Amino acid sequence: MTQAPLELAVVLPTFCEAGNVEAVIARIDGALAGHVWEAIFVDDNSPDGTAEIVRAIARRDPRIRVIERVGRRGLSSACIEGMMATAAPFVAVMDADLQHDETLLPRMLARLAGSDLDIVIASRFVEGGGTGDWDKDRLAKSRLATRISRMVLKADLADPMSGFFMLRTSTFRRLAPRLSGIGFKILLDLFTAARRPLRFVEMPYEFQQRAVGESKLDHVVAFEFLIALYDRTMGRVIPTRFAMFGTIGALGVVIHMSLLAIAYQRLTFIAAQSLATVGAMTFNFFLNNALTYRDRRLAGAKALVRGWLSFCLVCSVGALANVGVAAFLFEVENTYWTLSALAGVIVGAVWNFALSSRFTWGRY
């Protein structure tokens, strides 16, 4: 007996969603009755055992698969890996926290399959949609992010921040080489990566209340959103990760000078300078670990100590490179002192970025 061909893959990025896995699978199964589908969970090594629960279900249901990522994090990159892993002609992305309305899936599939559209988006902000029990603060932040997003989009989307959509796999594979995988909103990445405007339609849905687990939204996620926008506007001029690294380095200079000013009141200059240097390096290391390298950040005391020592060593050599280049240009080449200093700073920054990317965070 020949099995009907696979129609749809549903990609569900997860982190600590153990309490929702069985329920979301049951809901998808009910919504897609009569269709041939598979669900691909992409789990970022959840400490609550989400991946293991999915594997247990997959042993009795071949439609369920899991990709467990170790040392990598990020919602957009998880969606990309999940969508790359299917042979289905259509692929949907939705959350596993039961806040997206899975009953919309068959209608999205019918609309997409019966037209020349590239993508169908479930929208909270078109007529008939809604945000459920959101408070005024969260709604205001979402609307602000929507307005900012529309400034860089190539389409007039009502809900560019939606995390619930379906597209042709062929469309995704065409766009995949140009996706950045930065941030938590893959839809924004897809639209800005397209060289021609994507053909789309938005379908209304009501955002549901989370019943189990906690929201993953935090200030760092909001920061990642801004970084994603930067990547799509200026990332080709100055690489996004280097821009973040350099910005944190500039903040580190402020920390250094502040610590030096305080410590010099009680210590010798050499002692105060040493303390300020270590303090600034420590500040830079932890902020880079939280932001610049969030997708492969170090966790656990042992990894953090090892990473901090590696970072300090790299930056110490970078400081020598900075001084050496500046001194050479100033004393040997007779370059103006400000240009000599600037060249030294740039060389030191590039050195620190390249080596810390390789040796501090590169192993993950």
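Everything quoted here is computed from the prediction, not taken from an experiment. The figures that follow rest on heavy atoms only: side chains count, while hydrogens, waters and symmetry mates do not.
Closest approach of Leu117 to Val201, counting heavy atoms only: CD1-CG1, 3.5 Å. Between Val126 and Ala158, the shortest heavy-atom contact is CG1-CB, 3.7 Å. Leu179 and Ala193 get closest at one heavy-atom pair: CD2-CB, 3.8 Å. Here the shortest heavy-atom pairing between Ile255 and Ala280 reads CG2-CA, 4.2 Å. Across all non-hydrogen atoms, the minimal contact from Ala276 to Leu260 is CB-N, 3.7 Å. What you find for Ile25 and Ile64 is that their closest heavy atoms are CG2-CD1, 3.9 Å.
Taking CE of Met83 as the start and CZ of Phe172 as the end, the distance is 4.0 Å to the nearest 0.5 Å. Once rounded to the nearest 0.5 Å, the distance linking CD1 of Ile53 with CG of Asp43 reads 9.5 Å. Taken to the nearest 0.5 Å, the CG atom of Leu287 stands 8.5 Å off from the CE atom of Met244. Note that CG of Leu32 is 7.5 Å distant from CG of Leu109, once rounded to the nearest 0.5 Å. Here the straight-line distance linking atom CZ of Arg297 with atom OG1 of Thr292 works out to 12.5 Å at 0.5 Å rounding. Atom CZ in Arg107 sits 13.0 Å away from atom OH in Tyr205 (nearest 0.5 Å).
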Run the numbers on Glu68 and Arg55 for salt bridge (charged side-chain N to carboxylate O under 4.0 Å, His left out), then give the verdict.
CA-CA 10 Å; Glu68 186 173 13; Arg55 276 191 286 269; 3.0 Å; yes
I'd like to know whether Leu12 forms a side chain to side chain contact (heavy atoms under 4.5 Å, CB included) with Ile40, so could you lay out the CA-CA distance, the side-chain angles of the two residues, the decisive distance to 0.1 Å, and finally the verdict.
CA-CA 6 Å; Leu12 302 105; Ile40 303 173; over 6 Å; no
Applying side chain to side chain contact (heavy atoms under 4.5 Å, CB included), run through Ile121 and Phe191 and close with a yes or a no.
CA-CA 12 Å; Ile121 301 152; Phe191 270 85; 3.8 Å; yes
Pair Arg69, Ser77 - check side-chain hydrogen bond (donor to acceptor under 3.5 Å, both in side chains), show working.
CA-CA 10 Å; Arg69 309 196 304 170; Ser77 60; 3.1 Å; yes
Is there a side-chain hydrogen bond (donor to acceptor under 3.5 Å, both in side chains) between Glu38 and Thr86? Walk through the geometry before answering.
CA-CA 9 Å; Glu38 66 177 355; Thr86 185; 2.6 Å; yes
With side chain to side chain contact (heavy atoms under 4.5 Å, CB included) as the test, would you mind laying out the steps for Arg199 and Ser115 before giving the verdict?
CA-CA 10 Å; Arg199 299 181 294 267; Ser115 68; over 6 Å; no
Give the C-alpha distance, both sets of side-chain angles, the deciding distance and a yes or no for side chain to side chain contact (heavy atoms under 4.5 Å, CB included) between Arg241 and Tyr293.
CA-CA 8 Å; Arg241 205 184 292 272; Tyr293 298 96; 3.5 Å; yes
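Linking ILVMFWY residues whenever their side-chain heavy atoms come closer than 4.5 Å, directly or via other members, places Met84 and Val93 in the same cluster. Hydrophobic clustering (ILVMFWY, side-chain heavy atoms < 4.5 Å, transitive): Val10 and Leu6 are in distinct clusters. Using a 4.5 Å cut-off between side-chain heavy atoms of Ile, Leu, Val, Met, Phe, Trp and Tyr, with links allowed through other members, Trp351 and Met281 fall into different hydrophobic clusters. Taking hydrophobic clusters as Ile, Leu, Val, Met, Phe, Trp and Tyr residues chained together by side-chain heavy-atom distances below 4.5 Å, Phe286 does not share a cluster with Leu313. Linking ILVMFWY side-chain heavy atoms closer than 4.5 Å, directly or via other members, places Val254 and Ile262 in two distinct hydrophobic clusters.
Taking 4.5 Å as the limit, some side-chain heavy atom of Asp29 sits within range of a side-chain heavy atom of Arg63. Residues Phe245 and Ser356 meet the side-chain proximity criterion, which asks for heavy atoms closer than 4.5 Å. Asn20 is not listed as a side-chain neighbour of Thr50, based on a closest heavy-atom distance of 4.5 Å or more. Using a 4.5 Å cut-off on side-chain heavy atoms (C-beta onward), Val91 and Met166 make no contact. Here the side chains of Ile119 and Leu187 are in contact, with some heavy-atom distance below 4.5 Å. You'll find the side chain of Phe90 stays beyond 4.5 Å of the side chain of Met108, heavy atoms only. Between Arg174 and Thr171 there is a side-chain heavy-atom pair separated by less than 4.5 Å. Within the 4.5 Å cutoff, side-chain heavy atoms of Pro47 are placed close to those of Cys16.
Within a 6.0 Å radius of CD in Glu22, no more than 12 heavy atoms belonging to other residues, nucleotides or ligands are found. The local environment of CH2 in Trp37 is crowded, with over 12 non-hydrogen atoms from other residues, nucleotides or ligands closer than 6.0 Å. By the 6.0 Å contact criterion, OH on Tyr264 is open, its count of non-hydrogen atoms from other residues, nucleotides or ligands being 12 or less.
For Phe285 and Trp361, the ring centers sit closer than 6.0 Å to each other. Ring centroids of Phe165 and Phe200 are separated by 6.0 Å or more, keeping the two rings apart.
Using a distance-only test at 3.5 Å, with no hydrogens or angles considered, no donor-acceptor pair links the side chain of Asp95 to the main chain of Phe164. Between the Glu202 side chain and the Asp159 main chain, a donor and an acceptor come within less than 3.5 Å of each other. Side chain of Thr14 to backbone of Glu17: no donor-acceptor contact under 3.5 angstrom is found. Put simply, the side chain of Asp118 never gets that close to the backbone of Leu198: no donor and acceptor are under 3.5 Å apart. Panel note: side chain Ser162, backbone Ser123; no donor-acceptor pair is recorded below 3.5 Å.
Screening Thr360, Leu298, Leu355, Val305 for a side-chain contact (heavy atoms from CB on, under 4.5 Å) involving Ser310 leaves a single residue, Thr360.
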